[in-house]
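Down below is the structure, laid out as structure tokens.
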Amino acid sequence: MKKLLLSISGAISLLLFLILLLVTNHLAKAQPAQQMAERWSEKKDVAQISCFFSANAGITRDAIEEFEHSMDQSLLEASITQESENPGARLWVDAYSAAGRITLTTDRGSLEADAIGIGGDFFLFHPEKLLQGSYFSGNDLMQDYCVIDEDAAWQLFGSNDVAGMTVYISGVPHMIAGVIERQSGRLAEAAGLDSTLVYVSYETLELYGTNSGINHYEIVMPNPVKNFALNHVKENIGAKENEIEVLENTSRYSLLSRIKLLGAFGTRSMNGKAIIYPYWENIARGYEDIIGALTGVMLFFLLYPIILGLVFFIRWWRHKGWTFKDVWHWCRDKAERKIEMRRERRKTEPRREKKRRIMRRLKG
């Protein structure tokens with residue numbers, strides 16, 4: 001009965017491990033901002049890299065453009081070329097952004113809101129849920145677009161069906177490209193999404209809003225060998241080590257990364273760099289903590305049946321009633337018997353064949 005109860009408890013523990021494994025994998029894939037590499041290439045030959053700068057890093061649009069211009073040359077030197085037949089296909093895609101404040105005005109009144117000034121293909125990395133309209137690109141020739149959340153839409157127009165309408169920023173008209181649903185929940189609000197948010201071009205934020213410069217940069221690029229993309233960005237982005245944090249999003253939720261996170265318990269929250277993370281990174285780090293804790297419990301549930309299995313094996317081994325020497329003798333005896341049987345067959349074969357010839361002659 002004791003063995004049966006232990007076996008059942010081991011099976012339950014293993015089942016709980018599998019359930020937690022599925023849960024943690026689901027949580028890891030539930031963040032679109034961390035899955036850009038998978039959306040960009042199904043071959044898993046690219047990596048998503050994120051950079052976070054301090055206010056003193058001094059990263060400018062010129063610095064970003066210089067890095068971008070050097071990218072193609074660096075890939076060419078590494079013999080990495082575009083193999084797609086699509087003439088418009090790109091080897092890499094990037095985006096940069098800055099956090100700040102901006103004031104939007106309409107005939108109904110004005111609204112001061114948190115703002116993200118974007119450049120490059122920001123919404124490829126951050127596909128926020130659209131309620132109306134569409135996104136815009138920081139690469140557009142015209143920079144007079146904006147995307148607002150539904151809270152801003154209701155405050156400015158009394159409706160969220162406002163795509164295509166105009167708001168004024170410092171007297172300059174900007175068209176509302178789309179309205180998004182701002183992420184909600186305890187984790188999102190703690191991450192910084194607890195107030196109205198609008199997205200404008202970095203140029204608009206720089207000219208008409210307040211900000212502390214570019215503090216986020218993201219890129220998806222070829223990664224032919226491990227850490228190629230990560231090391232390339234670290235070495236070429238142009239910021240001092242104490243003013244930047246660079247991480248690879250592609251593998252941040254892998255089992256190995258989760259175990260390393262558990263090993264960094266107590267020191268993970270220590271940061272000597274003056275870096276303020278954007279909301280999407282705060283959310284990602286929150287999920288890391290949750291997934292890390294679940295991984296610790298998951299490993300415990302896996303360890304229990306392993307230890308139980310080892311105990312059962314040791315007890316069985318001690319009471320098995322035979323030794324390796326017995327097995328060796330048994331195998332040797334069996335082999336010798338087979339050899340002897342083959343010898344006997346070889347001896348009897350000629351006699352059988354002779355008997356068959358005699359019988360054929362008699363019948364003939």
Side-chain angles (χ1 to χ4, degrees), residues 33 36 40 47-75 90-104 113-128 135-148 167 169-175 177 192 197-221 229-230 232-247 249 273-281:
M36 179 58 183
W40 187 253
Q48 178 182 353
I49 309 297
S50 292
C51 304
F52 306 100
F53 309 106
S54 73
N56 299 321
I59 298 296
T60 63
R61 284 188 296 174
D62 290 339
I64 297 294
E65 288 175 3
E66 184 178 345
F67 175 79
E68 291 172 336
H69 291 156
S70 69
M71 178 63 69
D72 288 326
Q73 182 61 35
S74 299
L75 294 178
R90 292 181 287 176
L91 274 172
W92 55 273
V93 63
D94 68 344
Y96 59 90
S97 54
R101 300 277 294 177
I102 205 162
T103 300
L104 288 73
D114 291 335
I116 302 291
I118 71 168
D121 292 295
F122 179 87
F123 288 109
L124 281 180
F125 290 85
H126 305 279
E128 303 292 341
Y135 304 122
F136 70 96
S137 172
N139 293 322
D140 291 339
L141 185 61
M142 300 299 292
Q143 298 291 297
D144 55 352
Y145 294 100
C146 64
V147 168
I148 63 177
V167 295
I169 302 174
S170 293
V172 179
H174 284 67
M175 180 184 292
L197 181 65
V198 301
Y199 299 86
V200 296
S201 68
Y202 177 71
E203 180 180 306
T204 292
L205 184 63
E206 189 177 37
L207 290 174
Y208 311 121
T210 59
N211 72 96
S212 56
I214 295 172
N215 39 28
H216 328 122
Y217 177 74
E218 304 162 276
I219 185 171
V220 165
M221 60 177 288
L230 180 66
H232 177 81
V233 174
K234 281 184 176 180
E235 294 168 5
N236 296 279
I237 196 60
K240 296 179 181 179
E241 186 176 351
N242 62 339
E243 301 290 353
I244 185 176
E245 182 171 347
V246 184
L247 61 87
N249 308 73
K273 302 175 182 178
I275 294 175
I276 299 176
Y277 296 113
Y279 69 84
W280 59 86
E281 177 60 17

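Keep in mind the model is a prediction, meaning the values are calculated, not measured. Residue numbers count from 1 along this sequence.
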- Note on the structure: Here the gap from E243 atom CD to I237 atom CD1, rounded to the nearest 0.5 Å, amounts to 14.0 Å
- Between M36 and V93, does a side chain to side chain contact (heavy atoms under 4.5 Å, CB included) hold up when you go through it step by step? CA-CA 10 Å; M36 179 58 183; V93 63; 3.7 Å; yes
- Item | Close side-chain approach of V246 to I49, heavy-atom, < 4.5 Å | yes
- Kindly indicate whether the side chain of Y96, heavy atoms from C-beta on, has any atom under 4.5 Å from the side chain of I59. no
- Which atom pair, heavy atoms only, marks the closest approach of V147 to A177? CG2-CB, 4.3 Å
- Message: If you compare all heavy atoms of G120 against all heavy atoms of S137, which two are closest, and at what distance to 0.1 Å?
- Response: O-OG, 3.6 Å
- Short side-chain to backbone donor-acceptor contact, H174 and V172, under 3.5 Å: yes
- Pairwise distance CE(M221) to OG(S74) - rounded to 0.5 angstrom: 7.5 Å
- Positive for side-chain hydrogen bond (donor to acceptor under 3.5 Å, both in side chains) with R101, one of D114, N211, T210: D114
- Answer whether the closest heavy-atom distance between the side chains of F67 and H232 falls below 4.5 Å. yes
- Q143 side chain vs E203 backbone, donor-acceptor pair below 3.5 Å: no
- How close do F53 and I275 get, heavy atom to heavy atom, and via which atoms? C-CG1, 4.1 Å
- Kindly check if the number of other-residue, nucleotide or ligand heavy atoms within 6.0 Å of OH (Y145) is above 12? no
- Message: Are E245 and C51 packed together at the side-chain level, in the sense that at least one heavy-atom pair is separated by less than 4.5 angstrom?
- Response: no
- Query: Hey, what do you get for OG (S50) to CD1 (I219), rounding to the nearest 0.5 Å?
  - Reply: 10.5 Å
- Task: Could you walk me through whether S54 and N215 pass side chain to side chain contact (heavy atoms under 4.5 Å, CB included), step by step?
- Result: CA-CA 6 Å; S54 73; N215 39 28; over 6 Å; no
- Query: Can you say whether the rings of Y279 and H126 are parallel (under 30°), tilted (30 to 60°) or perpendicular (over 60°)?
  - Reply: tilted
- Query: Can you check whether D94 reaches D121 side chain to side chain, under 4.5 Å on heavy atoms?
  - Reply: no
- Query: For the residue pair F52 and Y217, is the inter-centroid distance of their aromatic rings smaller than 6.0 Å?
  - Reply: no
- Minimum heavy-atom separation for H216 to A99, with atom names? CE1-N, 4.1 Å
- Message: Does E66 have more than 12 heavy atoms from other residues, nucleotides or ligands lying within 6.0 Å of its CD?
- Response: no
- Note on the structure: When every non-hydrogen atom of Y199 is compared with those of F122, the smallest separation belongs to CE2-CE2, 3.7 Å
- Query: Distance from N139 atom CG to S201 atom OG, nearest 0.5 Å?
  - Reply: 11.5 Å
- Message: Looking at every non-hydrogen atom in both residues, tell me the closest pair between A113 and V198 and how far apart they are.
- Response: CB-CG1, 4.4 Å
- Query: Tell me, do M175 and F136 make a side-chain contact under 4.5 Å, heavy atoms counted?
  - Reply: no
- Query: Side chains of Y135 and E128: is there a donor and an acceptor less than 3.5 Å apart?
  - Reply: no
- Item | More than 12 heavy atoms from other groups under 6.0 Å of CG on L247 | yes
- Supply the atom-to-atom distance N249 CG to W280 CH2, rounded to the nearest 0.5 angstrom. 11.0 Å
- Message: Walk me through whether Y208 and T103 qualify under side chain to side chain contact (heavy atoms under 4.5 Å, CB included).
- Response: CA-CA 8 Å; Y208 311 121; T103 300; over 6 Å; no
- Task: Report the C-alpha distance between E206 and R61 in whole Å, list the side-chain angles of each, state the deciding distance to 0.1 Å, and finish with yes or no for salt bridge (charged side-chain N to carboxylate O under 4.0 Å, His left out).
- Result: CA-CA 11 Å; E206 189 177 37; R61 284 188 296 174; 3.3 Å; yes
- Item | salt bridge (charged side-chain N to carboxylate O under 4.0 Å, His left out) evaluation trace for D72 with R90 | CA-CA 10 Å; D72 288 326; R90 292 181 287 176; over 6 Å; no
- Message: Let's go through T204 and C146 carefully: what are the C-alpha distance in whole Å and the side-chain angles of both, what is the deciding distance for side chain to side chain contact (heavy atoms under 4.5 Å, CB included) to 0.1 Å, and is it a yes or a no?
- Response: CA-CA 9 Å; T204 292; C146 64; over 6 Å; no
- Message: How long is the straight-line distance from CD1 of I102 back to CD1 of I116, given to the nearest 0.5 Å?
- Response: 11.5 Å
- Would you say the side chain of I118 lies within less than 4.5 Å of the side chain of V200, judging by non-hydrogen atoms? no
